[in-house]
**Student:** 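This structure is in structure tokens; I'll ask about it shortly.
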Amino acid sequence: MRLGLYNTNPAWGGGERWFLDASRALATLGHDVVCIGKPGTPLYDRWGEDARTPEGAVRTEGAALPDLVVANSGREVRSLLRLLPRGADTRIVLRRGIDRPLRDNWLRRRSWRRLSAMLVNSDATGRTVRASLPWFPGDRIRRIYNPVTLEARVSTTDPSAFRIGVVARLVRQKGIDVLLDGLVRTRTKPDWRLAIAGDGSERRALEEQVARLGLADRVEFRGHVDDVPGFYADLDLLVVPSRYEGFGFVAVEGALAGLPIVASGVSSLPEVVADGTTGRLVPPEDPGALA
């Protein structure tokens, strides 16, 4: 089957990781995979020589059209509808990977009625789609959890300090500011250290918050971390303090690494963390509960 995977997001996140993993897995299964993206974006660069622009994938003379294209957003869906020749029987599937309400408008109704299906990565996201777009056929919404693999390492934690970790893009969605406000309340508790893996637009603000709270000797910003299994092996606890999520790759990776998880009880995270068994769920934006 000739399958297209279409994602032009300028950032790197869980959705882009899904598209990269899916392209490789589908090719391994014998499908003819067309990777469609935008030059200069992290996903396009990771696809390498397999990547194509939308025009190159759909409008190249003599090239076979994909039988099915999985698009990352409504923007890609509209682009496909413009590029595909009239009468093309290419099916379009939209992957919705974030649990956020959708605005119901005529543009969305006009283009999304053409979708063969919508793929969501959690029951929470599916419920939000149904509530936002009651006209979209419910039998076309399919939930498939993201596949996650991790080659866990033996723990190398230092018994002299309790090691807490976060792996996230440093953006407001991820709630790192809430975690810091919670941790400052535990300053008199036994010695702990927080390591933050990831980067993003909120890094400077978070560094300033750390300084303002007097936590500079306890909090370390690691930036992008290549050896994620090694990072997990240095931890005693993983925290996922998100304000909302789509799936929660990090929470699953932490479980695979054998770590207890403290996470916000929002979006898909209650589907990932078994409260009281594999971790604890707390209300979002509640520093006291996190502490």
Side-chain angles (χ1 to χ4, degrees), residues 1-9 13-38 43 52 54 57-58 64-148 173 244-249 252 266-272:
M1 192 172 187
R2 187 168 174 80
L3 301 174
L5 296 174
Y6 188 5
N7 184 325
T8 60
N9 191 12
E16 289 62 53
R17 174 177 169 179
W18 183 92
F19 272 80
L20 181 65
D21 290 346
S23 65
R24 293 170 173 171
L26 291 167
T28 299
L29 292 172
H31 295 287
D32 181 8
V33 179
V34 183
C35 303
I36 310 169
K38 183 177 181 180
L43 177 59
R52 300 288 183 270
V58 177
L65 291 174
D67 299 301
L68 181 149
V69 177
V70 180
N72 180 61
S73 72
R75 180 179 59 251
E76 279 94 355
V77 171
R78 293 190 297 273
S79 171
L80 278 171
L81 293 175
R82 289 194 302 269
L83 290 171
L84 286 169
R86 186 181 297 275
D89 58 1
T90 298
R91 295 192 175 195
I92 302 174
V93 172
L94 172 64
R95 180 182 182 272
R96 180 70 181 169
I98 193 72
D99 180 28
R100 298 296 287 165
L102 288 156
R103 181 176 298 176
D104 189 0
N105 56 43
W106 70 269
L107 184 62
R108 185 158 282 153
R109 290 191 180 213
R110 181 180 178 183
S111 58
W112 288 21
R113 287 187 190 279
R114 302 279 299 276
L115 296 174
S116 294
M118 191 182 306
L119 175 63
V120 297
N121 57 1
S122 69
D123 290 331
T125 301
R127 288 192 296 269
T128 299
V129 170
R130 290 181 175 92
S132 299
L133 310 176
W135 51 266
F136 192 85
D139 60 354
R140 294 190 200 172
I141 301 174
R142 309 291 180 85
R143 188 265 286 153
I144 301 178
Y145 285 127
N146 294 340
V148 184
Q173 172 200 346
Y244 59 90
E245 274 296 341
F247 174 67
F249 268 111
V252 180
V266 297
S267 302
S268 58
L269 291 173
E271 299 172 52
V272 173

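Remember, predicted model here, so these are calculated numbers, not experimental data.
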**Student:** Which heavy-atom pair separates Ser111 from Leu81 by the least distance, and what is that distance?
**Tutor:** CB-CD1, 3.8 Å
**Student:** I'd like to know if the side chain of Thr90 reaches the main chain of Pro66, judged simply by a donor and an acceptor atom lying under 3.5 Å from each other, with no hydrogens or angles considered.
**Tutor:** yes
**Student:** How far does CD1 of Ile36 sit from OG1 of Thr8, to the nearest 0.5 angstrom?
**Tutor:** 10.5 Å
**Student:** Begin from the C-alpha positions of Val34 and Arg2 and carry the test side-chain contact (heavy atoms from CB on, under 4.5 Å) through to its verdict.
**Tutor:** CA-CA 7 Å; Val34 183; Arg2 187 168 174 80; 3.5 Å; yes
**Student:** Assess the residue pair Gln173 and Ile98 against the criterion (side-chain contact (heavy atoms from CB on, under 4.5 Å)); give the C-alpha distance rounded to whole Å, side-chain angles, the decisive distance to 0.1 Å, and a yes or no.
**Tutor:** CA-CA 11 Å; Gln173 172 200 346; Ile98 193 72; 3.7 Å; yes
**Student:** Is any side-chain heavy atom of Trp18 less than 4.5 Å from a side-chain heavy atom of Pro147?
**Tutor:** yes
**Student:** Verify, without hydrogens or angle tests, whether Arg114 (side chain) and Ile92 (backbone) share a donor-acceptor contact under 3.5 angstrom.
**Tutor:** no
**Student:** Between Val93 and Arg142, is a side-chain contact (heavy atoms from CB on, under 4.5 Å) present by the stated rule, with each step listed?
**Tutor:** CA-CA 10 Å; Val93 172; Arg142 309 291 180 85; over 6 Å; no
**Student:** Once rounded to the nearest 0.5 Å, what's the spacing between atom CG of Leu119 and atom CD1 of Ile141?
**Tutor:**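 Reported to 0.5 Å precision, the distance equals 11.0 Å.
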**Student:** Any side-chain heavy-atom pair from Trp135 and Asp104 closer than 4.5 angstrom?
**Tutor:**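 Heavy-atom side-chain distance check passes, below 4.5 Å.
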**Student:** From Leu107 CG over to Arg78 CZ, what is the distance, rounded to the nearest 0.5 angstrom?
**Tutor:** 4.5 Å
**Student:** Please find the pair of heavy atoms, one from Pro101 and one from Arg96, that lie closest to each other, and give the distance.
**Tutor:**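 Closest pair (atom of Pro101, atom of Arg96, distance): O-NH2, 4.2 Å.
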**Student:** Could you tell me which non-hydrogen atom of Ser79 sits nearest to which non-hydrogen atom of Tyr6, and how far apart they are?
**Tutor:** OG-OH, 2.8 Å
**Student:** Does a side-chain heavy-atom distance below 4.5 Å link Val129 with Leu102?
**Tutor:**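 A side-chain contact exists here, since the closest heavy-atom pair is under 4.5 Å.
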**Student:** Of all heavy-atom pairs between Ala124 and Asp99, which one has the smallest distance, and what is that distance?
**Tutor:**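 What the structure gives for the nearest pair is O-OD1, 3.4 Å.
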**Student:** Would you compute the distance between atom OG of Ser132 and atom CZ of Arg100 and round it to the nearest 0.5 angstrom?
**Tutor:** 10.0 Å
**Student:** Would you say CZ of Arg113 has more than 12 non-hydrogen atoms from neighbouring residues, nucleotides or ligands within 6.0 angstrom?
**Tutor:** yes
**Student:** Taking the side chain as every heavy atom from C-beta outward, state whether Leu68 and Met1 have any atom pair closer than 4.5 Å.
**Tutor:** yes
**Student:** Which atom names give the shortest non-hydrogen contact between Ala71 and Glu76, and what distance separates them?
**Tutor:** CB-CB, 3.8 Å
**Student:** Determine whether more than 12 heavy atoms belonging to other residues, nucleotides or ligands lie under 6.0 Å from atom CZ of Arg140.
**Tutor:** yes
**Student:** Answer whether the closest heavy-atom distance between the side chains of Tyr145 and Asp123 falls below 4.5 Å.
**Tutor:**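 Result yes, sub-4.5 Å side-chain heavy-atom pair found.
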**Student:** Can you tell if the side chain of Val69 reaches within under 4.5 Å of the side chain of Leu84, non-hydrogen atoms only?
**Tutor:** no
**Student:** Verify side-chain contact (heavy atoms from CB on, under 4.5 Å) between Asn121 and Arg95, making sure each step is shown before the conclusion.
**Tutor:** CA-CA 8 Å; Asn121 57 1; Arg95 180 182 182 272; 3.4 Å; yes
**Student:** Rounded to the nearest 0.5 Å, how far apart are CG of Asp32 and CG of Leu26?
**Tutor:**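 Answer rounded to 0.5 Å: 11.0 Å.
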**Student:** Which atom pair, heavy atoms only, marks the closest approach of Ser122 to Ser268?
**Tutor:**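 Distance-wise, the nearest heavy atoms are CB-CB, 3.4 Å.
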**Student:** Can you find a heavy atom in the side chain of Leu269 that is under 4.5 Å from one in the side chain of Val266?
**Tutor:** yes
**Student:** Under 4.5 Å between any side-chain heavy atoms of Leu20 and Leu43, yes or no?
**Tutor:**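 They are in contact (side-chain heavy atoms under 4.5 Å apart), so the answer is yes.
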**Student:** To the nearest 0.5 Å, what is the distance between NE2 on His31 and OG on Ser23?
**Tutor:**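 So the gap between those two atoms works out to 12.5 Å.
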